[in-house]
2 protein chains.
Amino acid sequence: MKMRIVLVDDHKVVRDGVKLFLQNDEEFSIVGEAGNAVTALSVIQRENPDVVLMDLSIGEDDGIELTRKMLGENPDLRVVALTMHNDYQYVQAMLEAGAKGYVLKNCDENELREALRTVMNGDIYYGEEVTKMVMNNMAHQQKNEKTASVTFTPREKEVYKLILQELTNQEIADKLFISVRTVEVHKRNLMEKTGAKSSTGLVLYAVKNNLFDHP
Amino acid sequence: MKMRIVLVDDHKVVRDGVKLFLQNDEEFSIVGEAGNAVTALSVIQRENPDVVLMDLSIGEDDGIELTRKMLGENPDLRVVALTMHNDYQYVQAMLEAGAKGYVLKNCDENELREALRTVMNGDIYYGEEVTKMVMNNMAHQQKNEKTASVTFTPREKEVYKLILQELTNQEIADKLFISVRTVEVHKRNLMEKTGAKSSTGLVLYAVKNNLFDHP
DNA sequence: ATCTGACTACGGGTTTACCCGTAAATAACT
DNA sequence: AGTTATTTACGGGTAAACCCGTAGTCAGAT
């Protein structure tokens with residue numbers, strides 16, 4: 001029994017390339033293809049494939065959202081991202097959308113086959129390059145943040161943490177046994193230091209600079 | 001010339017264990033140790049070691065903040081995290097703090113040596129287990145989020161994206177050529193769907209669920 | 001002993017956000 | 001043709017956030 005694959009990519013060249021890879025194969029068989037989101041959904045519903053090979057940017061459509069949607073309708077579907085983006089954001093988004101594999105377009109034939117087999121087995125596959133990129137990205141994020149390093153006073157940190165818990169000024173005041181006005185002052189100073197214009201801005205700053213992330 | 005190492009860990013057992021690993025060694029030499037943050041800072045300033053082996057939780061002190069601090073004062077220092085936590089949050093936080101390596105305490109002697117050598121060379125080292133954990137974590141985050149998946153209307157998404165750019169309701173209204181009241185409605189609905197109590201809550205929800213992360 | 005930084009707090013004002021209900025136009029699906 | 005979802009918008013109000021200046025206390029540094 002061959003593995004039934006559907007290809008989703010807006011570039012015909014890519015689809016043909018992959019078909020060439022896998023045609024006349026005893027293991028894999030491409031049972032459908034699509035160049036946009038709408039077609040993809042109908043083809044997949046019709047063919048009910050084992051695996052979907054999915055590009056990230058399908059013309060106007062978003063492969064990540066499409067993946068999310070497909071898996072919402074059919075959670076047993078296995079999606080493998082096939083893309084040229086070796087980018088942390090994309091890998092993360094795609095895996096979180098529910099993709100079971102992530103392979104670069106410049107991979108060799110064996111890697112693609114290996115990915116398909118692994119995913120078919122219910123496991124998760126990511127190429128070596130992808131793994132490397134993810135780890136290096138984590139390590140090098142630190143460089144991007146050195147520039148924007150601001151120091152907060154202990155009290156400011158406390159207030160900041162509570163802001164990040166969706167508390168209002170009043171609630172923060174109660175929790176720290178101080179006046180709301182004091183909380184306002186700390187907040188003002190925090191906004192001054194971070195360049196934020198509101199609580200929302202403070203949260204965004206905290207996220208961008210990964211403050212208070214570690215538990 | 002031996003590599004000069006300072007050990008920071010609040011458990012004497014661990015310090016002794018590592019010393020046993022590396023004593024009478026031609027390659028490595030432990031020139032100092034510390035059980036808390038204050039001692040660590042002074043020892044490191046005195047000894048100016050090549051590498052610091054650092055635990056994450058040093059009693060009351062936070063190894064992550066300590067690392068950040070040390071590297072702020074002396075950016076050329078190489079810090080290797082040595083810990084039992086094989087946890088995404090910790091790895092990320094530590095690498096972002098500027099650590100050049102991350103090794104688990106249950107690693108074998110060779111892995112520790114390899115880590116020290118790699119870091120000494122100016123490269124970054126993380127054990128195989130750590131790499132595996134990070135990748136699996138990324139892939140499995142999706143499971144935690146399936147539960148909390150809400151669908152937004154296109155317009156709601158637009159508004160949401162602008163909220164995440166620190167715009168006020170008025171600014172969002174101007175940008176979308178609609179009334180502030182309309183923005184308020186969308187926001188109300190977003191807060192309804194997400195359970196957020198304010199804009200801040202919406203931002204936090206977006207972060208936790210990694211919405212709109214991919215560019 | 002003075003000075004700086006951090007934390008505290010108030011007054012008084014403006015603006016923005018949030019709450020609640022209502023409701024019309026449009027599109028889409030049935 | 002009728003229901004439903006989406007987007008649009010208003011009115012009227014409350015509560016919270018934000019702005020700006022002032023000012024006392026207390027610890028630690030010079």
Side-chain angles (χ1 to χ4, degrees), chain A residues 37-38 41-42 45 60-61 65 69 72-73 149-206 211-212, chain B residues 37-38 41-42 45 65 69 72-73 149-206 211-212:
Chain A
V38 181
L41 284 169
S42 74
Q45 192 168 25
E60 296 298 299
D61 303 319
E65 284 202 24
K69 201 172 184 179
E73 292 172 2
S149 76
V150 194
T151 52
F152 304 111
T153 69
R155 203 53 160 176
E156 282 170 351
K157 281 185 201 171
E158 285 188 87
V159 173
Y160 212 151
K161 278 179 192 167
L162 295 175
I163 293 172
L164 296 178
Q165 284 165 34
E166 205 179 341
L167 301 187
T168 63
N169 291 352
Q170 185 61 59
E171 287 169 332
I172 295 171
D174 293 345
K175 205 149 222 169
L176 298 179
F177 303 106
I178 55 179
S179 153
V180 193
R181 322 304 294 267
T182 310
V183 176
E184 285 177 4
V185 174
H186 287 312
K187 219 161 162 179
R188 237 185 286 163
N189 293 334
L190 284 170
M191 292 194 281
E192 177 79 23
K193 286 181 180 176
T194 58
K197 284 175 298 194
S198 62
S199 302
T200 308
L202 283 176
V203 176
L204 289 166
Y205 180 92
L211 305 176
F212 319 121
Chain B
V38 181
L41 285 169
S42 75
Q45 193 168 24
E65 284 202 24
K69 201 170 183 179
E73 292 171 3
S149 76
V150 194
T151 53
F152 304 112
T153 68
R155 203 53 160 176
E156 282 170 351
K157 282 184 200 169
E158 285 188 86
V159 173
Y160 211 151
K161 278 178 192 167
L162 295 175
I163 294 173
L164 296 178
Q165 284 165 35
E166 204 179 344
L167 302 187
T168 63
N169 290 353
Q170 186 60 58
E171 288 168 332
I172 295 172
D174 293 344
K175 205 150 224 170
L176 298 180
F177 303 107
I178 55 180
S179 154
V180 193
R181 322 307 293 269
T182 309
V183 176
E184 285 178 3
V185 174
H186 289 311
K187 219 160 162 179
R188 234 184 288 163
N189 294 333
L190 284 170
M191 291 194 279
E192 177 79 24
K193 285 181 180 176
T194 58
K197 285 175 297 192
S198 62
S199 302
T200 307
L202 282 176
V203 176
L204 289 166
Y205 180 93
L211 305 177
F212 318 120

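A, B, ... follow the sequence lines: proteins, then strands. Residue 1 opens every chain. Being a predicted model, the structure only gives us computed values, none of them experimental.
Atoms CG (A:L202) and P (D:dA17) sit 12 Å apart, rounded to a whole Å. The interatomic distance linking B:K187 (NZ) with D:dT7 (P) rounds to 17 Å, in whole Å. Nucleotide C:dA17 holds its P atom 10 Å from the CG atom of B:L167, rounded to whole Å. Here the P atom of nucleotide C:dA6 and the CD atom of A:E158 are 15 Å apart, to the nearest Å. If you take CG of A:L190 and C1' of D:dC19, they are 16 Å apart, rounded to a whole angstrom.
Among residues two or more places apart in sequence or in another chain, the salt bridge (charged side-chain N to carboxylate O under 4.0 Å, His left out) test is passed with B:E171 by none. Taking B:Q170 as the reference, B:D174 meet the side-chain hydrogen bond (donor to acceptor under 3.5 Å, both in side chains) condition, with sequence neighbours excluded. In this view, A:R181 and A:E184 satisfy the salt bridge (charged side-chain N to carboxylate O under 4.0 Å, His left out) rule, not counting sequence neighbours. Scored by the side chain to side chain contact (heavy atoms under 4.5 Å, CB included) test, A:S199 finds A:K187, B:T200 as partners (sequence neighbours excluded). Scanning for salt bridge (charged side-chain N to carboxylate O under 4.0 Å, His left out) contacts around B:K193 gives B:E156, with sequence neighbours left out. Qualifying side-chain hydrogen bond (donor to acceptor under 3.5 Å, both in side chains) partners for A:Q45, counting only residues two or more places apart in sequence or in other chains: none.
Side-chain nitrogen and oxygen atoms of B:S199 include at least one within less than 4.0 Å of the OP1 or OP2 phosphate oxygen of C:dC18. An OP1 or OP2 oxygen of C:dA6 is reached within less than 4.0 angstrom by no side-chain nitrogen or oxygen of A:H186. Between C:dT16 and A:S198, no contact under 4.0 Å exists linking OP1 or OP2 to a side-chain N or O. In this structure, B:T182 reaches the D:dA9 phosphate: one of its side-chain N or O atoms is under 4.0 Å from OP1 or OP2.
Looking at B:V183 and B:L176, their side chains never come closer than 4.5 Å, going by heavy atoms from C-beta outward.
In this structure, A:T182 contributes its side chain and A:I178 its backbone to no donor-acceptor pair below 3.5 Å. In this structure a side-chain-to-backbone donor-acceptor pair under 3.5 Å is present from A:Y160 to A:L202.
Comparing the end axes of the helix from C:dA1-D:dT30 to C:dC29-D:dG2, each fitted to five base pairs by superposing C1' atoms of four pairs onto the next four, gives an inter-axis angle of 50° (nearest 10 degrees).
Looking at A:R155 and A:E158, a side-chain N of the basic residue comes within less than 4.0 Å of a carboxylate O on the acidic one, giving a salt bridge.
Taking every heavy atom of residues 168-180 of chain B and every atom of DNA chain D, pairs under 4.0 Å involve B:I178, B:S179, by number.
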Distances under 3.5 Å between nitrogen or oxygen atoms of protein and nucleotides 19-27 of chain C:
| unit_1 | atom_1 | unit_2 | atom_2 | d |
| --- | --- | --- | --- | --- |
| C:dC20 | N4 | B:R188 | NH2 | 2.8 |

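Atom-to-atom distance recorded for A:K197:NZ and B:E166:CD is 5.0 Å, nearest 0.5 angstrom.
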